[in-house]
Amino acid sequence: QLQLVESGGGLVQPGGSLRLSCAASGFTLDYYAIGWFRQAPGKEREGVSCISSSGGSTNLADSVKGRFTISRDNAKNTVYLQMNNLKPEDTAIYYCARPNTPRCDRSNLYYYWGQGTQVTVSS
C-alpha cells in the first residue's frame, strides 16, 4: 500500500534549522517527483519545493528561496527538506506528496499525501 510519512518537525527558535523527512513505501521512489507543501492556520496550502525523479529541484515559494533545500536518497526511499534560518512565518504543518509524473511541472496534480509534521518557529 502506498504510504508517505513525514517526520522531523518540532519547535525551534527563529534562525534555527530543521530537517524534515518523507519516508515512502509501497512504490518505487526513483520514478516519481515528490513535493513539499505547508499549511498555516487560516491560510491556504502552499507549495514549498519539489524534486524530480532525476534530482532536479524547484522552489515553489519565493519566501523559502535560499533557505530551504530539497534532496532525495532513493536507496533509503526518503526525500528531505532542509530548512535553515527559520522564521515565524514558516510555522505550518508540512506535508510531502507524490504526483504520477517524474517531473516538477507547475501543473502537477499531487494524488498521494502524508499526514504532515508540525513545524513551529517561535521565541
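In this text the structure is predicted, and so the values were computed from the model without any measurement.
Inter-residue side-chain proximity for Q13 and S122 is flagged as unmet; no heavy-atom pair is nearer than 4.5 Å.
Here the closest non-hydrogen pair linking F68 and N59 is O-OD1, 4.0 Å.
Between R98 atom CZ and N100 atom CG the span is 5.0 Å, to the nearest 0.5 Å. If you take CG on L4 and OG on S25, they are separated by 7.5 Å, rounding to the nearest 0.5 Å. Atom CG of L81 sits about 6.0 Å away from atom CH2 of W36, to the nearest 0.5 Å. Separating the NZ atom in K43 from the CD atom in E89 is a distance of 8.5 Å, to the nearest 0.5 Å. Interatomic distance, K65 NZ to L60 CG, rounded to the nearest 0.5 Å: 12.5 Å.
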**Prompt:** Checking side-chain contact (heavy atoms from CB on, under 4.5 Å) for the pair S17/Q82: CA distance, chi angles, key distance, verdict?
**Reply:** CA-CA 8 Å; S17 297; Q82 178 67 47; 4.0 Å; yes
**Request:** Decide yes or no on side-chain contact (heavy atoms from CB on, under 4.5 Å) for V64 and S49, but give the supporting numbers first.
**Result:** CA-CA 9 Å; V64 310; S49 189; 5.6 Å; no
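Under the ring-ring contact (aromatic ring centres under 6.0 Å, His included) criterion, Y31 pairs with no residue, sequence neighbours left out. The side chain to side chain contact (heavy atoms under 4.5 Å, CB included) test applied to L29 returns A24, F27, I34, R72, N74, N77, V79, not counting sequence neighbours. For the side chain to side chain donor-acceptor pair (under 3.5 Å) test, no residue two or more places apart in sequence or in another chain qualifies with Q115. Applying the salt bridge (Lys or Arg N to Asp or Glu O under 4.0 Å) test to R38 and every residue at least two apart in sequence or in another chain returns E46, D90. Under the side chain to side chain contact (heavy atoms under 4.5 Å, CB included) criterion, S21 pairs with S7, T78, Y80, not counting sequence neighbours. The salt bridge (Lys or Arg N to Asp or Glu O under 4.0 Å) check on D30 picks up nothing, with sequence neighbours excluded. Here R45 pairs with nothing under the salt bridge (Lys or Arg N to Asp or Glu O under 4.0 Å) rule; sequence neighbours left out. With sequence neighbours excluded, the residues forming a side chain to side chain contact (heavy atoms under 4.5 Å, CB included) with P14 are P88, V121, S123, listed by chain and number.
The ring-ring contact (aromatic ring centres under 6.0 Å, His included) contacts involving residues 95-123 comprise F37-Y110, F37-W113, where partners must be two or more places apart or lie in separate chains. Residues in residues 101-114 take part in these salt bridge (Lys or Arg N to Asp or Glu O under 4.0 Å) pairs, two or more places apart or across chains: R103-D105. Applying the disulfide (SG to SG under 2.5 Å) rule to pairs touching residues 46-84 yields C50-C104, sequence neighbours excluded. Sequence neighbours left out, not one pair with a member in residues 50-63 passes salt bridge (Lys or Arg N to Asp or Glu O under 4.0 Å).
A donor-acceptor contact shorter than 3.5 Å is absent between the side chain of S57 and the backbone of I70. At distances below 3.5 Å, not a single donor-acceptor pair connects side-chain atoms of T91 with backbone N or O atoms of T120.
For the side chain to side chain contact (heavy atoms under 4.5 Å, CB included) with L18, the lone residue among V119, N84, T117 that qualifies is V119.
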